[in-house]
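The figures that follow rest on heavy atoms only: side chains count, while hydrogens, waters and symmetry mates do not.
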Amino acid sequence: MSEEMKRTGKRRIGLFGGTFNPIHLGHLRGAEEIREAFRLDGVIFIPSAIPPHKAMEEIIDARHRLEMVRLAIASNPYFSISDIELSRSGKSYTIDTLRHFRERCADSLFFILGGDAFVEIETWKDFQNLFTLCHFIVMARPGFQKTPLANRLPGALSSAFQPDVEAMTWVHSSGHRLVFKEISFLDISSTKVRELIERGESVRYLIPPETETYIHQHGLYRRREGMGDFSAQKG
Ligand code: ATP
């Protein structure tokens with residue numbers, strides 16, 4: 001239990017959105033380091049149904065991605081999964097997901113994302129309002145800490161934030177914080193995993209064994225016509 005929860009009864013919850021196509025050890029290790037560093041009481045993985053920024057033909061059926069996340073996090077009592085973006089119709093916008101959680105719980109919420117996703121944040125729907133809903137934690141690559149605070153924000157955001165130089169964070173006019181946290185970034189991407197599988201090469205030690213077994217059982221990522229058909233690929 002975090003100190004905040006003991007004091008206020010509020011949990012500290014991380015929200016980790018992604019395509020997870022498929023989930024890999026970079027996602028899992030990043031989430032675990034952030035959980036520990038920020039004393040989060042839990043991290044909720046939120047697979048997106050139709051991500052606004054990605055080419056759909058590369059993305060397999062959401063139910064496969066959800067199941068792979070479920071298997072990958074099963075042994076971690078701090079990790080859980082939400083299918084909120086899958087149960088909503090249309091594109092998965094983070095602003096809608098954050099509103100959903102904000103309206104339904106009084107917990108302190110921390111949206112977790114990678115540095116590569118953060119640099120594109122100005123293209124996200126209603127991006128200015130994202131920061132009115134929760135704190136943001138950006139997982140940064142080693143060495144990032146040397147980047148001066150002033151150079152960490154995209155221009156369109158700078159007027160809404162004040163630097164807290166001592167804490168090396170930005171404080172939004174709503175009071176929420178934007179924190180950059182260096183993690184031991186594993187150079188793994190879902191793209192790389194998909195490419196290896198397509199070429200018939202090993203993905204061992206890049207994804208959890210449970211996920212690997214699932215991919216093989218369902219013949220995922222091997223060839224285009226095998227992708228995305230959940231009903232046809234059982235066992
Ligand atoms: P793709 O290669 O298909 O673009 P991806 O590996 O970037 O996928 P996503 O599901 O798009 O995976 O990422 C979800 C979130 O996890 C994003 O915020 C992304 O920045 C972050 N992330 C991706 N890879 C890593 C990694 N190796 N370490 C830490 N965070 C990561």
Side-chain angles (χ1 to χ4, degrees), residues 1-51 59-89 91-114 117-118 130 133-139 176-177 179 181 183-184 186 188 190 193 206-215 217-218 220 230:
M1 192 189 297
S2 63
E3 283 305 313
E4 180 168 341
M5 189 168 171
K6 279 187 217 150
R7 227 180 35 251
T8 64
K10 277 189 188 178
R11 293 180 306 164
R12 293 162 66 83
I13 298 296
L15 303 175
F16 188 20
T19 317
F20 303 123
N21 182 36
I23 188 162
H24 54 67
L25 296 185
H27 296 131
L28 291 160
R29 181 64 203 167
E32 179 69 354
E33 288 192 20
I34 295 297
R35 179 193 70 73
E36 217 166 22
F38 291 86
R39 299 177 315 283
L40 302 181
D41 295 293
V43 176
I44 305 176
F45 287 66
I46 312 170
S48 55
I50 308 176
I59 301 174
I60 64 161
D61 192 296
R63 284 168 294 174
H64 280 311
R65 293 184 284 112
L66 189 80
E67 193 51 32
M68 288 190 282
V69 173
R70 201 187 301 283
L71 290 167
I73 65 171
S75 62
N76 189 329
Y78 293 104
F79 287 176
S80 60
I81 188 167
S82 164
D83 65 358
I84 166 69
E85 295 200 351
L86 307 183
S87 50
R88 244 187 349 239
S89 58
K91 289 193 173 177
S92 301
Y93 291 112
T94 300
I95 188 86
D96 300 329
T97 301
L98 295 184
R99 287 203 177 109
H100 168 92
F101 280 97
R102 191 63 295 155
E103 283 161 14
R104 282 164 184 78
C105 70
D107 298 329
S108 295
L109 299 176
F110 299 76
F111 188 78
I112 302 168
L113 73 171
F118 181 72
L130 292 169
L133 296 166
C134 71
H135 304 288
F136 270 66
I137 301 173
V138 180
M139 294 184 283
H176 290 123
R177 284 183 179 261
V179 189
K181 174 68 183 156
I183 57 162
S184 44
L186 305 178
I188 306 173
S190 300
V193 171
L206 296 177
I207 61 176
E210 299 81 2
T211 310
E212 192 182 350
T213 304
Y214 185 92
I215 289 172
Q217 279 174 348
H218 292 264
L220 305 179
F230 189 82

Asker: With no hydrogens and no angle check, is any side-chain donor or acceptor of Arg65 less than 3.5 Å from a backbone partner on Ser48?
Answerer: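 Present.
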
Asker: Not counting sequence neighbours, which residues clear side chain to side chain contact (heavy atoms under 4.5 Å, CB included) with Ser184? List them please.
Answerer: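 Here the qualifying residues are Arg29, Glu33.
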
Asker: What heavy-atom pair brings Val193 and Pro22 nearest, and what distance separates the two atoms?
Answerer: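 Where Val193 meets Pro22 most closely, the heavy atoms are CG1-CG, 3.7 Å.
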
Asker: Sequence neighbours left out, what passes side chain to side chain contact (heavy atoms under 4.5 Å, CB included) with Asp83? Give chain and number order.
Answerer: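 Asp83 satisfies side chain to side chain contact (heavy atoms under 4.5 Å, CB included) with Leu66, Leu86, Ser87 once adjacent residues are dropped.
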
Asker: So Ile59 and Thr19, do their side chains get closer than 4.5 Å, heavy atoms only?
Answerer: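 In contact.
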
Asker: Between the side chain of Asp41 and the main-chain N/O of Arg12, is any donor-acceptor distance below 3.5 Å?
Answerer: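 Judged by distance alone, yes, a pair lies under 3.5 Å.
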
Asker: Hey, can you tell me if His135 and His176 have their rings parallel, tilted or perpendicular (30° and 60° cut-offs)?
Answerer: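 Ring orientation, 0 to 90° scale: perpendicular.
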
Asker: Where is the tightest heavy-atom contact between Met139 and Ala31, given as atom of each residue plus distance?
Answerer: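 Scanning both residues completely, I find the closest heavy atoms to be SD-N, 4.4 Å.
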
Asker: Of all the heavy-atom pairs spanning Ile112 and Phe16, show the shortest one and how long it is.
Answerer: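 Residues Ile112 and Phe16, closest heavy atoms: O-CD1, 3.4 Å.
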
Asker: If you measure from CD1 on Ile60 to CG on Asn21, what distance do you get to the nearest 0.5 Å?
Answerer: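 Ile60 atom CD1 to Asn21 atom CG measures 5.5 Å (nearest 0.5 Å).
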
Asker: When the ring planes of His218 and His64 are compared, do they come out parallel, tilted or perpendicular, using 30° and 60° as the limits?
Answerer: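 Perpendicular.
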
Asker: Between Thr97 and Leu15, is there a side-chain heavy-atom distance shorter than 4.5 Å?
Answerer: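 Side chain of Leu15 against side chain of Thr97, heavy atoms only: no contact under 4.5 Å found.
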
Asker: So His24 and His27, would you call those rings parallel, tilted or perpendicular, with 30° and 60° as cut-offs?
Answerer: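 Rings of His24 and His27: parallel, under 30°.
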
Asker: Measuring from atom OH of Tyr78 to atom CD of Glu32, what distance do you get when rounded to the nearest 0.5 angstrom?
Answerer: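 With rounding to 0.5 Å, OH (Tyr78) is 8.5 Å from CD (Glu32).
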
Asker: Distance from Thr94 atom OG1 to Leu113 atom CG, nearest 0.5 Å?
Answerer: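 Going from the OG1 atom of Thr94 to the CG atom of Leu113 covers 8.5 Å.
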
Asker: Say you draw a straight line from CE of Met68 to CD1 of Ile73; how long is it, rounded to the nearest 0.5 Å?
Answerer: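 Here the rounded value is 13.0 Å.
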
Asker: Which distance, rounded to the nearest 0.5 Å, do you find between the OG of Ser82 and the CZ of Phe45?
Answerer: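 Rounded to the nearest 0.5 Å, the OG-CZ separation comes to 12.5 Å.
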
Asker: Where the side chain of Arg102 meets the backbone of Cys134, is there a donor-acceptor pair that is under 3.5 Å apart?
Answerer: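 The answer is no, because no donor-acceptor pair under 3.5 Å joins these two groups.
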
Asker: Report yes or no: does Asp107 contribute a side-chain atom to a donor-acceptor pair with the main-chain N or O of Leu109 at less than 3.5 Å?
Answerer: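 No, the answer is negative, given that no donor and acceptor are paired below the 3.5 Å cut-off.
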
Asker: In Å and rounded to the nearest 0.5 Å, what is the CD1 to OH distance from Ile23 to Tyr214?
Answerer: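 If I round to the nearest 0.5 Å, the distance is 13.5 Å.
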
Asker: Quick one: list whatever passes salt bridge (Lys or Arg N to Asp or Glu O under 4.0 Å) with Glu210, sequence neighbours left out.
Answerer: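 Listed in chain order: nothing, the list is empty.
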
